[in-house]
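Numbering of ligands and ligand atoms starts at 1, following listing order.
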Amino acid sequence: MMADIKFAKQIVFINSLTPVVMIGWDALRHNLGANPLEFVTHTTGTLALVFLLISLLVTPARKVLHQPWLIKLRRMCGLFAFFYGVLHLITYVWFDRFFNFKSAVEDIIKRPFIAVGIASLLLMTPLAITSTNKMVKRLGGKRWNRLHKLVYAAAVGGVIHYFLLVKADTRLPIAFGVALGVLFGYRLVSMMLERLSRPEPAPRS
Ligand code: HEM
């Protein structure tokens, strides 16, 4: 049993923030390699997808490992997915397109995978906005849960975005797709089992 949730949260927070601190540090020292734009785009994109999958892993891990406290870390992982997604978008708009929105639109027409990435980030936006306790209360648990199913669509979008942009070696996006499929499969099976184990309503007399 995990007693010190505050400490666990601090550990996750520091670890999740470390990549962006390292990118910032290396950027200040002009140490981001031969192609800094490519490095930062790829790192932030991969982190957004990894955090999205970690946030989907929390519920199965909590049940399989019998560690209910893990749920307390889910919101932070989801918010870090959004955070890295936003950094990924800022990198694109600032350093790839230099805030030239006409050029961004032309690029999106030429490379449709970018539109899929934008859609994925847009799907994550209402989830980030409604992540506070106040918003959960305001929406009510049922509606909040229904809205937060969008996280699967965002993750599918992220995987498709990745799959479409790689040129030859599709192993990594396929691996992300398989991981997402397993998580989705777990969700479906546990939902079906829950339904089956629910007692039948008594027949009306
Ligand atoms: C917000 C809008 C987005 C834009 C404009 C965008 C744009 C891009 C661009 C230009 C690349 C590099 C393509 C190349 O190398 O040819 C890229 C890579 C990538 N993006 Fe996005 N993206 C967006 C959203 C997302 C989101 C939400 C995710 C994850 C959920 C994501 C995950 C990735 C991944 C995993 C890569 C490849 C990383 C690698 O090659 O190692 N992107 N994106």
Side-chain angles (χ1 to χ4, degrees), residues 12 15-20 22-24 26-27 31-60 73-131 147-184 187:
V12 173
N15 275 285
S16 307
L17 212 57
T18 301
V20 71
M22 288 173 74
I23 290 175
D26 280 340
N31 204 16
L32 285 172
N35 191 339
L37 170 64
E38 193 180 293
F39 177 76
V40 177
T41 306
H42 288 197
T43 308
T44 49
T46 306
L47 284 165
L49 199 49
V50 166
F51 275 103
L52 212 47
L53 291 191
I54 292 176
S55 68
L56 287 172
L57 180 65
V58 169
T59 296
L73 305 175
R74 189 173 62 177
R75 170 168 40 190
M76 197 190 297
C77 295
L79 284 173
F80 268 108
F82 184 67
F83 172 70
Y84 281 109
V86 170
L87 282 186
H88 186 63
L89 173 66
I90 292 173
T91 309
Y92 174 75
V93 173
W94 190 348
F95 300 104
D96 195 327
R97 297 294 120 186
F98 307 102
F99 293 107
N100 182 339
F101 291 98
K102 186 168 168 268
S103 139
V105 171
E106 282 164 5
D107 193 30
I108 292 168
I109 293 168
K110 210 166 65 198
R111 302 193 292 170
F113 73 82
I114 294 175
V116 183
I118 293 173
S120 167
L121 191 66
L122 282 178
L123 285 170
M124 286 157 76
T125 308
L127 310 187
I129 294 172
T130 57
S131 67
L147 175 71
H148 279 249
K149 296 240 160 50
L150 279 182
V151 67
Y152 281 100
V156 169
V159 169
I160 294 175
H161 169 71
Y162 194 3
F163 185 79
L164 292 177
L165 71 90
V166 291
K167 289 175 185 87
D169 189 353
T170 51
R171 277 178 300 178
L172 257 180
I174 287 176
F176 274 109
V178 170
L180 183 58
V182 170
L183 291 170
F184 199 49
R187 202 55 164 236

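With rounding to the nearest 0.5 Å, the separation of CH2 in W94 from CG in L87 is 11.0 Å. How far CZ of F80 is from CD1 of I54: 11.0 Å, rounded to the nearest 0.5 Å. In this structure, CG in D169 is found 9.0 Å from CD1 in I174, a value given to the nearest 0.5 Å. The structure places OG1 of T125 at 5.0 Å from CG of L121, a figure rounded to the nearest 0.5 Å. Taking OH from Y92 and OG1 from T41, the interatomic distance works out to 10.0 Å, rounded to the nearest 0.5 Å. A distance of 5.5 Å separates OH of Y84 from CG of L17, quoted to the nearest 0.5 Å.
Less than 4.0 angstrom separates some heavy atom of L121 from each of these atoms of ligand 1: 1 (C), 27 (C). Taking a cut-off of under 4.0 Å to the non-hydrogen atoms of S120, the atoms of ligand 1 that pass are 27 (C), 30 (C).
Nearest to atom 38 (C) of ligand 1 by heavy atom, out of D107, T91, T46, is T46.
Looking from atom 14 (C) of ligand 1 to the surrounding protein, the closest heavy atom is H42 NE2, 3.9 Å.
Taking a cut-off of 2.8 Å, the protein N, O or S atoms nearer than that to atom 21 (Fe) of ligand 1 are H88 NE2, H161 NE2.
Between P173 and V166, the shortest heavy-atom distance links the atoms CG-CG2, 3.8 Å.
Using a 4.0 Å cutoff on heavy atoms, R111 counts as a contact of ligand 1.
By the 30° and 60° cut-offs, the orientation of the rings of F101 relative to F99 is tilted.
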